[in-house]
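Just so you know, these numbers come straight off a predicted model, no measurement behind them.
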Amino acid sequence: MKRSRSVISRLVAHAAASPSPPPTDASHLDALRLFRRAHRRGAPLAADAFPPLLSACRSFPSLGRQAHALMVKSAADLDPVPATALLDVYSRCGLLRYALDVFDGMPVRDSIAWNAFISCLVRHGLPADAISAFRAMAVDGGSPFTGFTLCSVLKACASMRAVRLGKQIHARVIGDGNDSLVMATALIDFYSGCGMIQEAFDVFNRLNREKDVAIYNALISACFQNRRFKEAFSVLGLVRPNEITLTCALSACSDCLSLSYGKQVHCVMVRHGFDSDTTLCNAIVDMYAKCGELTSGRISFEQIHRKNVVSWTTMISAYGSHGRGVEAWKLFKRMQEEEISGHVSPNAVTFLSVLSACSHSGLVDEGRECLFAMQSKHGIDPGPEHYACFIYLLSGAAMLNACKANMDLKRGEQMARHLLSLDPDNPGSYVLLANFYAACGQWEGAEYLRRMMKDRGLKKEAGNSQLELPVAIEI
DNA sequence: ATAGGGTTAG
């Protein structure tokens, strides 16, 4: 018996969909409150109540578990429609294990269930498993491939560089007469990922329908990924840009160090009022920093309304690569202070950026503190890259000390000069080099450096030795 | 109920 849509389903769907296109955390919360009220009054739980409820759970991952429990109680977990919605919630919340369990427990799997499963594997960086699932889907029968399937598998092919399979899919797409924009965009992205830029252009040019901004963005991004800057900029001129277009353009400006073009993109962004898009703002900060305008980067960073992890990490690594380790460290500290109100926690990349910044400035104690804090305070296990960075930091510090102890003037000078070129405005670097000369008995060199410091108006603050290196190394 | 284009490190 096919019942008409339950009241609870309609109510929740309505709340989740308002304001119309993009559901927000607030509208999801409204939907959840509505559901709870109806549920407490004893409204019957039909299977069709769950998909809209589960959409609302995307903003509150822990509730997905409770919805799952209700589904088991009402046997809705055996129905492929709500089960697929549940799988998708777990997938989007990063709960891979739960998502796989849902798929395993489904007695009936239609194409959409398979598609959601494959998409989940791709999203979690398991392209080989996604391709295996794709083959299993073919064997399974009764659940034919759809355009959704092929789009997800193309993404897996790009990360696996599975050119043969990707081309087979392309052939099938042509055979099916599927010339949708989404499919063409996925194909462009696939060819781009495999370094086949000409094939990407061919897909674009052979498409006989009106193109949208997403497919232009895919082509522009394809050009940049394959370092075809000239073509990228000429394609850019053909489209009315959105936030994503500008983000692509900015990462290219960072790559080819084109400050003048980057500034123009910044102007376009302001003119379009795109300044609330955090991803785009992050790209602006990065562009200024990579093009040498650290101060402009910092100003843009401060202006970001809703800073996320990437905003903070970008600014920290900007300081790091400019040899401003102390500034990077201060910003990292400030990030943790604002964490309480702003809910922005550092991630593994943030810690690597901090470690890297410390290593470029010889901040051994700070680096060590960072490495320990990531485990004990934030529960993130350091990966090999974190240890490698920390070892590099220790060895750099040990090296200069060794040069000093062995009076290895030539090697020590090389290293100290490198330090100076990284950080010419940091008085600590001059003092370090001067002390190194003094330790080696090169008094003229020491005097020369102190004079140079004075001429450049740099003063070393007493008791604030930024680059003091430890005598003994201990971990 | 499922699919396309974007930012951070090394």
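- For the pair Arg123(A) and dA3(B), the criterion of a side-chain N or O lying under 4.0 Å from OP1 or OP2 is met.
- Side-chain contact, Asn115(A) with Thr146(A): a donor N or O sits under 3.5 Å from an acceptor N or O.
- When heavy atoms are screened at a 4.0 angstrom cut-off, Ile188(A) is found touching no nucleic acid atom at all.
- Taking atom CG of residue Leu393(A) and atom C1' of nucleotide dG10(B), one finds them 15 Å apart after rounding to whole Å.
- Cation-pi contact between Arg368(A) and Phe390(A): absent, since separation from the ring centre below 6.0 Å together with deviation from the ring axis within 45° is not met.
- No contact: Arg306(A) has no heavy atom under 4.0 Å from any strand.
- One can find a donor-acceptor pair under 3.5 Å joining the base of dG6(B) and the side-chain atoms of Asp277(A).
- Contact annotation for Pro80(A): base contact, defined as any heavy-atom pair under 4.0 Å involving a base atom.
- Closest contact between the side chain of Pro51(A) and the listed nucleotides dG10(B), dT2(B), dA1(B) involves dA1(B).
- Looking at heavy-atom distances under 4.0 Å, Asp110(A) makes contact with a base.
- The distance between atom NE2 of His170(A) and atom P of dA3(B), rounded to the nearest whole Å, is 22 Å.
- Phosphate proximity of dT7(B) to Thr314(A): absent, as no side-chain N or O sits under 4.0 Å from OP1 or OP2.
- For residues 120-144 of chain A, no pair satisfies salt bridge (charged side-chain N to carboxylate O under 4.0 Å, His left out), with sequence neighbours left out.
- In this structure, Phe301(A) and Trp312(A) have perpendicular ring planes: the angle between them is above 60°, well past the 30° mark.
- The side chain of Ala214(A) sits closest to dG5(B) out of dG5(B), dT7(B), dG10(B).
- With hydrogens and angles ignored, no donor-acceptor pair under 3.5 angstrom links the side chain of Asn242(A) to the base of dG6(B).
- Between Phe35(A) and His39(A), the two ring planes are parallel [angle under 30°; tilted spans 30° to 60°].
- The listed nucleotides are dT2(B), dG6(B), dT7(B); the one nearest the side chain of Asp286(A) is dT7(B).
- For Asp212(A) and dG5(B), the CG to C1' distance is 9 Å, given to the nearest whole Å.
- Remark: the Arg240(A) side chain and the Tyr216(A) side chain contain no N/O donor-acceptor pair separated by less than 3.5 Å.
- Which of dG5(B), dT8(B), dT7(B) sits closest to the side chain of Ser317(A) comes down to dT8(B).
- Atom C1' of nucleotide dT2(B) and atom CG of Leu87(A) are separated by 9 Å, given to the nearest angstrom.
- Here the nucleotide nearest the side chain of Val310(A), chosen from dT8(B), dT2(B), dA9(B), is dT8(B).
- Listed candidates were dT2(B), dA9(B), dG6(B). Nearest to the side chain of Val349(A) is dA9(B).
- With rounding to whole Å, Tyr191(A) atom OH is found 16 Å from dG4(B) atom C1'.
- When the nucleotides dG6(B), dT2(B), dA9(B) are ranked by their closest atom to the side chain of Ile244(A), dG6(B) comes out on top.
- Among the atoms of the strands shown, none is found under 4.0 Å from any heavy atom of Ile118(A).
- Among dG6(B), dA1(B), dA3(B), the nucleotide with an atom closest to any side-chain atom of Cys248(A) is dG6(B).
- Listed pair Arg109(A) / dA1(B) fails the phosphate criterion, with no side-chain N or O lying under 4.0 Å from OP1 or OP2.
- Atom CG in Asn217(A) sits about 11 Å away from atom P in dT7(B), given to the nearest Å.
- Dashed line: the shortest gap from a side-chain N or O of Ser356(A) to OP1 or OP2 of dG10(B) is under 4.0 Å.
- Here dA3(B) is the nucleotide among dT8(B), dA3(B), dA1(B) with the atom lying nearest to any side-chain atom of Val182(A).
- Listed pair Lys155(A) / dG5(B) meets the phosphate criterion, a side-chain N or O lying under 4.0 Å from OP1 or OP2.
- At the heavy-atom level, Val213(A) lies under 4.0 Å from base atoms of the strands shown.
- One atom, CZ of Phe103(A), and another, P of dT2(B), lie 16 Å apart when rounded to the nearest Å.
- Of the listed nucleotides (dA1(B), dA3(B), dG5(B)), dA3(B) has the atom at the smallest distance from the side chain of Phe148(A).
- Atom pair Leu150(A):CG and dA3(B):P shows a separation of 14 Å (rounding to whole Å applied).
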Open item on the list: Determine whether Phe201(A) and Tyr191(A) satisfy the following criterion, ring pair (Phe, Tyr, Trp, His ring centres under 6.0 Å), listing intermediate values before the conclusion.
Closed with: CA-CA 9 Å; Phe201(A) 266 98; Tyr191(A) 281 122; over 10 Å; no
